[in-house]
Asks: 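Structure provided below as structure tokens; questions to follow.
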Protein chains: 2
Amino acid sequence: MPDTVRIETAKAETTTFREVMAEIIQRITEGPWGPGSLLPGEVELAEEFGVSRTTMNRALREVSELGFLDRKRKAGTRVRMAPIRQARFEMPLVRAEIEKTGAAYRYQLVSRDVILAPDWLRERMRLKARARVVHLLCLHFADGVAFQLEDRWINAQALPLATEQDFSAVGPNEWLVATVPFSEVEISFLAQAADAQMVAHLGHAPGDPVFCSERATWWQNAAVTLVTLAHRRGYRMTTRY
Amino acid sequence: MPDTVRIETAKAETTTFREVMAEIIQRITEGPWGPGSLLPGEVELAEEFGVSRTTMNRALREVSELGFLDRKRKAGTRVRMAPIRQARFEMPLVRAEIEKTGAAYRYQLVSRDVILAPDWLRERMRLKARARVVHLLCLHFADGVAFQLEDRWINAQALPLATEQDFSAVGPNEWLVATVPFSEVEISFLAQAADAQMVAHLGHAPGDPVFCSERATWWQNAAVTLVTLAHRRGYRMTTRY
DNA sequence: TAGTGGTCTAGACCACACA
DNA sequence: GTGTGGTCTAGACCACTAC
């Protein structure tokens with residue numbers, strides 16, 4: 001009988017690493033593990049929680065990735081003095097972003113040029129002297145209303161195919177993700193004053209603050225593309241957790 | 001002899017989940033696994049790579065978290081049509097951000113009021129009618145130059161202690177992280193036109209585009225604080241990977 | 001209902017970093 | 001040196017979900 005009871009209890013006691021995570025976070029935010037304190041070792045904790053070390057390790061690793069803990073071999077696991085606040089944003093294709101709201105998506109090419117890269121761009125994309133680039137200006141509409149203005153530069157040397165594309169039907173973003181991979185990405189968010197293009201296409205007043213995201217990508221140390229996305233008035237980039 | 005050789009080979013063949021990840025990503029970006037294609041099951045892949053299913057699972061899970069794969073039970077693992085571009089920003093305390101550059105940090109309280117929450121704030125923070133709040137305006141300097149303007153609201157009902165603090169020496173941010181935990185966070189980035197406060201303290205011209213980050217936090221369904229951080233001219237929030 | 005990913009376990013070896 | 005986290009393995013059961 002005792003055996004049976006123990007087995008049943010054991011079955012009911014199954015603990016997942018998520019439950020362990022929750023308990024750990026609670027001990028950090030409310031309980032005994034204040035900022036800077038040193039946690040017991042994995043083995044000891046695993047015993048206390050009645051889980052395997054593998055499970056305890058995963059729980060600790062994920063709590064650590066949330067920014068609460070600092071883990072070092074030999075030194076042990078320590079609660080961060082100030083938890084690292086992280087903001088994670090998912091940036092889908094404009095098309096997906098618009099269609100998810102139920103609105104109809106429309107794409108329009110505003111202008112297309114193949115030119116010598118200006119100095120600031122050469123520096124920004126680490127291009128060689130006299131490099132040729134494709135410069136595109138595109139609009140993305142949601143239900144007929146301008147949603148986003150895309151100002152894109154493509155390195156023609158790294159991507160000769162781009163000079164042959166006319167981008168009148170398919171946007172450069174969708175063409176690029178299907179055509180070239182990337183090994184290095186740099187993303188920035190910034191506030192910019194509305195310039196003539198934004199005034200003309202997005203309906204801003206001149207000088208209005210515009211939320212822009214900029215993305216530069218490289219593939220095997222060669223610049224691929226640099227794009228600035230100017231968002232509609234009042235746009236916010238938001239995330240929750 | 002063959003046995004010895006085999007053992008030595010086995011030892012050298014140790015494959016880590018990171019190597020597996022790299023190979024998977026390469027197959028996605030260059031190799032045979034184009035967008036939308038269905039990957040073999042974990043068991044089969046584990047065999048092919050000569051690793052345990054546990055290791056293969058971890059590799060696939062992490063590649064999936066990078067935004068390349070979409071995993072569903074029974075349906076299998078599929079390459080995303082367009083990889084979800086993610087931007088992850090770490091937002092340390094201003095003090096840490098400034099001191100990391102080698103500059104000297106200084107904090108200054110500009111104003112402090114305890115008032116009834118205005119309507120827009122009640123709605124924004126989900127506060128009750130006639131809720132009292134502490135309103136703070138603070139400045140953060142780097143080497144004597146204004147770096148960031150902090151406009152903060154604290155829910156006095158949830159945090160009566162805040163009405164007693166004078167915040168003249170320690171900034172509310174540092175006080176809060178040491179005092180209250182949070183269970184729900186909402187972070188936004190936005191572009192705003194410089195208002196009188198920003199003009200007076202950050203040196204912007206009126207109407208200048210200002211990059212602002214806004215953070216609202218709750219603890220057990222009670223609003224704790226809402227803060228807007230106005231950044232200095234030309235500030236960019238940047239991340240690489 | 002059957003196949004796929006999600007997760008747990010027990011045991012083991014190793015690499016790093018501190019003393 | 002030595003203790004801590006980092007990782008791998010083999011085997012197992014389970015939960016979701018497409019068919």
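Note: hydrogens, waters and symmetry copies are ignored here, and every other heavy atom, side chains too, is used. Here is how names work: the chains are called A, B, and so on, in the same order as the sequence lines, proteins then strands, and each is numbered from 1.
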Asks: In whole angstroms, how far is the C1' atom of C:dG5 from the CD1 atom of B:Ile24?
Replies: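 B:Ile24 atom CD1 is separated from C:dG5 atom C1' by 14 Å.
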
Asks: Expressed in angstrom and rounded to an integer, what is the separation of B:Glu65 atom CD from C:dG6 atom C1'?
Replies: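 Rounded to whole Å, this separation is 13 Å.
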
Asks: Roughly, in whole Å, what's the span from CG in A:Leu45 to P in D:dT4?
Replies: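 A:Leu45 atom CG is separated from D:dT4 atom P by 11 Å.
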
Asks: Nearest 0.5 angstrom please: B:Leu139 CG to B:Gln108 CD, how far?
Replies: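 Result: 5.5 Å between the selected atoms.
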
Asks: Does a salt bridge link A:Arg126 with A:Glu184, judged by any charged N lying under 4.0 Å from a carboxylate O?
Replies: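 Yes.
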
Asks: Just the table, please: protein N/O against nucleotides 10-12 of chain D N/O, every pair under 3.5 Å.
Replies:
| unit_1 | atom_1 | unit_2 | atom_2 | d |
| --- | --- | --- | --- | --- |
| D:dA10 | N6 | B:Thr54 | OG1 | 2.8 |
| D:dA12 | N6 | B:Arg53 | NH2 | 3.1 |

Asks: C:dG6, OP1 or OP2 - any side-chain N/O from B:Asn57 closer than 4.0 Å?
Replies: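 Yes, within the criterion.
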
Asks: Which residues pass the side-chain hydrogen bond (donor to acceptor under 3.5 Å, both in side chains) test with B:Thr101, sequence neighbours left out?
Replies: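 With sequence neighbours excluded, B:Thr101 shows a side-chain hydrogen bond (donor to acceptor under 3.5 Å, both in side chains) to no residue whatsoever.
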
Asks: Could you pull out the closest heavy-atom pair between A:Leu38 and A:Thr77, with the gap in Å?
Replies: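 For A:Leu38 versus A:Thr77, the nearest heavy atoms are CD1-O, 3.4 Å.
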
Asks: Look at the side chain of A:Thr239 and the backbone N and O of A:Arg88, then say whether any donor-acceptor pair between them is shorter than 3.5 Å.
Replies: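 It does hold such a pair.
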
Asks: Name the nucleic acid region contacted by A:Arg78, choosing base, sugar-phosphate or nothing; use a 4.0 angstrom heavy-atom cut-off, strictly under.
Replies: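 It contacts nothing in the nucleic acid.
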
Asks: Measure from CG on B:Leu69 to P on C:dT4 and round the result to the nearest Å.
Replies: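 In whole Å, C:dT4 P lies 16 Å from B:Leu69 CG.
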
Asks: Tell me which of B:Val43 and A:Met56 sits closer to the 5' end of DNA chain C, going by the nucleotide each one is nearest to.
Replies: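 On the 5' side of the pair lies B:Val43.
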
Asks: Specify the separation, in whole Å, of atom CD of A:Glu62 and atom C1' of D:dG5.
Replies: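 Rounded to whole Å, this separation is 16 Å.
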
Asks: Taking only the side-chain nitrogens and oxygens of B:Arg58, find out if one of them lies under 4.0 Å from OP1 or OP2 of C:dG6.
Replies: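 No, B:Arg58 has no side-chain N/O under 4.0 Å of OP1/OP2 on C:dG6.
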
Asks: Any idea how B:Phe167 and B:Trp175 line up, ring-wise: parallel (<30°), tilted (30 to 60°), or perpendicular (>60°)?
Replies: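 Aromatic pair B:Phe167/B:Trp175 classed perpendicular.
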
Asks: Atom CZ of B:Arg18 and atom P of C:dA15: how far apart are they, to the nearest Å?
Replies: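 Rounded to whole Å, this separation is 15 Å.
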
Asks: How would you list, by chain and number, every residue that makes a side-chain hydrogen bond (donor to acceptor under 3.5 Å, both in side chains) with A:Arg58, sequence neighbours excluded?
Replies: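 A:Arg58 satisfies side-chain hydrogen bond (donor to acceptor under 3.5 Å, both in side chains) with A:Glu62 only.
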
Asks: Please determine whether a side-chain nitrogen of the Lys or Arg among A:Glu48 and A:Arg27 lies less than 4.0 Å from a carboxylate oxygen of the Asp or Glu.
Replies: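 Here A:Glu48 pairs with A:Arg27 in a salt bridge, since their nearest N and O are under 4.0 Å apart.
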
Asks: Salt bridge between B:Asp70 and B:Arg80, side-chain N to carboxylate O under 4.0 Å?
Replies: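 Judged by the 4.0 Å cut-off on N to carboxylate O distance, B:Asp70 and B:Arg80 do form a salt bridge.
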
Asks: Nucleotides 14-19 of chain D: which of its N/O atoms have a protein N/O under 3.5 Å away?
Replies:
| unit_1 | atom_1 | unit_2 | atom_2 | d |
| --- | --- | --- | --- | --- |
| D:dA15 | N3 | B:Arg73 | NE | 3.2 |

Asks: What's the CG-C1' distance between A:Leu38 and C:dC18, to the nearest Å?
Replies: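 One finds 13 Å between C1' of C:dC18 and CG of A:Leu38, rounded.
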
Asks: Residues two or more places apart in sequence or in another chain: which of them pass ring-ring contact (aromatic ring centres under 6.0 Å, His included) with B:Phe147?
Replies: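 Listed in chain order: nothing, the list is empty.
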
Asks: OP1 or OP2 of C:dT4 versus the side-chain N and O atoms of B:Thr77: is any pair under 4.0 Å?
Replies: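 Checking B:Thr77 against C:dT4: no side-chain N or O falls below 4.0 Å of OP1 or OP2.
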
Asks: Would you write the dot-bracket representation of DNA chain C, where each base gets (, ), [, ], | or . depending on whether it forms a Watson-Crick or G-U pair under 3.5 Å and with which partner?
Replies: ||||||||||||||||||.

Asks: Would you call B:Arg124-B:Glu186 a salt bridge at under 4.0 Å N-O?
Replies: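 Between B:Glu186 and B:Arg124 there is a salt bridge, with a charged N closer than 4.0 Å to a carboxylate O.
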
Asks: Atom CG of B:Leu60 to atom P of C:dT7: distance rounded to whole Å?
Replies: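 My rounded result for the distance is 13 Å.
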
Asks: Measure the acute angle between the ring planes of B:Phe211 and B:Tyr235, then classify it against the limits of 30° and 60° as parallel, tilted or perpendicular.
Replies: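 Correct class here is tilted.
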
